[in-house]
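Quick caveat, the model's predicted, so the values are computed rather than measured. Note that these values count all heavy atoms, side chains included, but never hydrogens, waters or copies made by symmetry. One-based numbering, in listed order, for ligands and for the atoms of each.
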Amino acid sequence: MRILVISDIHANLTALETVLDDAADYEAVWCLGDLVGYGPDPNECIQRVIELPGLLCIIGNHDAAALGYIETMSFNPEARVALEWTKMMLVEENINFLKNLPETIQNGDVYLAHGSPRQPVWEYLMDAPTATLSFAHFSTPYCFVGHTHQPVSFIMEPGQTRSQIITLTPNQSNPLIPRTIINPGSVGQPRDNDPRAAYAIFDSEACTWEYRRVEYDIPSVQTRMSRENLPIRHILRLEAGW
Ligand code: ZN
């Protein structure tokens, strides 16, 4: 089965639609949280995600904050402005969808968490020592995480006690190696100095996975953000990918 793995859409419908077109051929979708926050299209993105085939979706920290589960004071001032705007915009049906999202999902060989298996909503897996600690918190061969907006993978080979960090090359098929934690990067707000939308394809039959990048129409998103008076810093960062 070919599964599309997306994370950190952050209310960027243009990036999401571009990824869905580019991925083209998939039978199921796993969404790793942060559907909202930062971007101008929170309701539209949730509606689009709800329609996706075979959807598994977990909650991210921005989704939790938009529901009032996390104090927006724990975010930086600009993220807080975007979250307050998001709270005001979300319609009831979409609030209910977010409310029903679990923090983690185990599905066959795969475990899904927004931040990390150790602290699903908040922890950032940026380096191998932090990732190593998380390997003790799930038992499946593979795990997908998001949250950092930086595509990367961590491998813990049999008999090893420390994980290794692996830099990813876009559009290259990789064998699935047990055990691996994969971060597909962010659809709607990449932070690895590459502004293109990021996602992954997981192929459970071929036992491969691929990380991909695709260009999308950034100016159209920036125009909608300006119209809603969303913070200038968030508007500018999209075109540089930071
Ligand atoms: Zn995020």
Side-chain angles (χ1 to χ4, degrees), residues 5-16 19 29-46 48-49 56-87 89-90 94 97-98 101-105 112-126 130-131 134 143-152 181-200 211 213 216 218 221 225 230-231 233-238 240-242:
V5 189
I6 51 177
S7 190
D8 298 276
I9 298 163
H10 283 295
N12 183 338
L13 185 66
T14 311
L16 175 61
V19 162
V29 178
W30 297 343
C31 176
L32 308 175
D34 276 4
L35 286 79
V36 302
Y38 299 124
D41 320 303
N43 287 304
E44 295 81 355
C45 284
I46 294 172
R48 191 70 182 93
V49 166
L56 294 180
C57 187
I58 53 178
I59 196 164
N61 56 314
H62 284 255
D63 307 318
L67 293 172
Y69 294 173
I70 297 175
E71 271 293 317
T72 52
M73 286 305 282
S74 57
F75 289 80
N76 68 52
E78 284 123 339
R80 206 181 305 148
V81 168
L83 276 168
E84 293 301 341
W85 176 85
T86 302
K87 273 183 173 178
M89 297 304 289
L90 280 178
N94 294 334
F97 172 77
L98 294 180
L101 295 178
E103 284 192 357
T104 62
I105 293 177
L112 310 177
H114 178 66
S116 79
R118 191 167 68 139
Q119 288 176 29
V121 179
W122 272 110
E123 187 173 46
Y124 290 89
L125 289 189
M126 306 287 285
T130 315
S134 257
C143 170
F144 278 95
V145 298
H147 195 39
T148 65
H149 300 205
Q150 298 190 3
V152 72
I181 298 176
I182 297 167
N183 186 328
S186 167
V187 169
Q189 196 203 71
R191 292 181 193 160
D192 59 341
N193 304 314
D194 179 344
R196 295 176 299 168
Y199 68 97
Y211 141 69
R213 298 305 282 254
Y216 70 96
I218 293 172
V221 185
M225 290 173 83
L230 288 164
R233 191 166 171 269
H234 296 160
I235 296 172
L236 292 175
R237 70 191 301 178
L238 288 181
W242 52 267

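- Between the NE2 atom of His10 and the NE2 atom of His149, the angle centred on the Zn ion (ligand 1) amounts to 90° when rounded to 10°.
- Side chains of Asn183 and Leu125 form no contact here, defined as non-hydrogen atoms less than 4.5 Å apart.
- With respect to the salt-bridge test (charged N to carboxylate O, under 4.0 angstrom), the residues Asp8 and Arg191 do not qualify.
- Using a 3.5 Å distance cut-off with no hydrogens or angles, the side chains of His149 and His10 do pair a donor with an acceptor.
- Nearest to the Zn ion (ligand 1), among the N, O or S atoms that Asp8 has, is OD1.
- Checked by atom type and distance alone, the side chain of Asp63 pairs as donor or acceptor with a backbone atom of Leu35 at under 3.5 Å.
- Closest N/O/S atom of Asp34 to the Zn ion (ligand 1): OD2.
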